Each structure stands twice: as structure tokens, then as C-alpha cells.
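Worksheet for the structure shown next.
Everything quoted here is computed from the prediction, not taken from an experiment. This chain uses plain numbering: 1 for the first residue, then up along the sequence.
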Amino acid sequence: MNPSNEARHDDDAALTDFLASLMDYTPTIPDELVEHYLAKSGFQCPDVRLIRLVAVAAQKFIAEVTSDALQQCKARQSAAVKDKKEKQQKDKRLILTMEDLSKALREYGVNLRHQEYFADSPTTGMDQTVRDE
């Protein structure tokens, strides 16, 4: 057996093991939801392993976008604190906005535009007494 055949055999064995492990794994995204969206796009597959593989890939994508959006949020809020040097930021909460999410998704080729009536202000919809705290 030559080295390329051995590498291919190892890859096939690893793939087989991975697919077998998906039978025991319960992804965060339910199988039914993945099946629904796959069927909506015209894809039908009776193999649960493939459905779970798509769920794991979607979960990874969501985790990466969320992480990138968090980094955008932190950068935006630290820039806002630097602009207001005389005022110390009392509230250390991170507030994720549609702008943060849009920038993160843009890195993955997804262009997201929100409607003008969406509220991106952390105080929008809050009671006046809560805003003043």
C-alpha cells in the first residue's frame, strides 16, 4: 500500500467514526428543525447522521457569528468609553445591537439590513425611572 492510499484509508476511517458518533450526539438545533429547512430548500435525506452533521455545522456557524458580534460590541463600547473620558461607565453590561450583528455577518458574506423601526438604543422601551438609574 502506498502512502496516499494509507492516508485515504485513515481519512475514511476517521469519517466513518465521526459519522457513527453523530448517532449518539444530540445537537443544540433539533433534527426536526434542520429537516424542515432542508426540505424547504428541496433536500430530503433519511440519514439522521447527515441531518445532525448539518445541525453541527449550523451550530458552529452561529457560535462563530455570535463570537464575532461580541467582539464588535466590545470594540464599539470601549470606543464609546474613550470618547467620554470624563465620565466613567457605571454599567459594565454589554449591549449587542443589530449593527454589531450586521458587521459580524458581513464577514461571512451575509448582508443583513434591519428595518428603520428597530430599536438599537439600550434604553428604548424602558420605563423613564429605569432609564434614570
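For the atom pair CG of L101 and CG of D68, the computed distance is 10.5 Å after rounding to the nearest 0.5 Å. From L22, atom CG reaches atom CZ of R49 across 8.5 Å, with rounding to the nearest 0.5 Å.
In terms of heavy atoms, I95 sits closest to C73 at O-SG, 3.2 Å. Shown here for A104 and A69, the closest heavy-atom pair between the two residues is CB-N, 3.5 Å. Closest non-hydrogen pair, N111 versus R106, comes out as OD1-CG, 3.7 Å.
Linking Ile, Leu, Val, Met, Phe, Trp and Tyr residues whenever their side-chain heavy atoms come within less than 4.5 Å leaves V54 and Y108 in two separate clusters. At a threshold of 4.5 Å between side-chain heavy atoms, the hydrophobic network of Ile, Leu, Val, Met, Phe, Trp and Tyr places F18 and V48 in two separate groups. Follow the hydrophobic side-chain contacts under 4.5 Å out from I62 and you never reach L105; the two are in separate clusters. F61 and L53 are assigned to two separate hydrophobic clusters, defined by single-linkage of ILVMFWY side chains at heavy-atom distances under 4.5 Å.
D24 pairs by the salt bridge (charged side-chain N to carboxylate O under 4.0 Å, His left out) definition with nothing, not counting sequence neighbours.
With hydrogens and angles ignored, the 3.5 Å screen pairs no side-chain donor or acceptor of R76 with any backbone N or O of D100. Between the side chain of R52 and the main chain of M23, a donor-acceptor pair closer than 3.5 Å is present. Remark: the backbone N or O of E64 is not paired with any side-chain donor or acceptor of S67 at under 3.5 angstrom.
Using a 4.5 Å cut-off on side-chain heavy atoms (C-beta onward), V65 and V110 make no contact.
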Sequence neighbours excluded and cut-off under 3.5 Å, please list the side-chain donor-acceptor pairs for residues 34-41, or say none.
{"from": "S41", "atom 1": "OG", "to": "Y37", "atom 2": "O", "distance (Å)": "3.4"}
{"from": "S41", "atom 1": "OG", "to": "L38", "atom 2": "O", "distance (Å)": "2.8"}

side-chain contact (heavy atoms from CB on, under 4.5 Å) between D47 and L19: does it pass, once the steps are laid out? CA-CA 10 Å; D47 192 352; L19 288 174; over 6 Å; no
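A salt bridge between K103 and E99 is present, with a side-chain N of the basic residue lying under 4.0 Å from a carboxylate O of the acidic one.
If you chain together ILVMFWY residues whose side-chain heavy atoms come under 4.5 Å of each other, L94 ends up grouped with L70.
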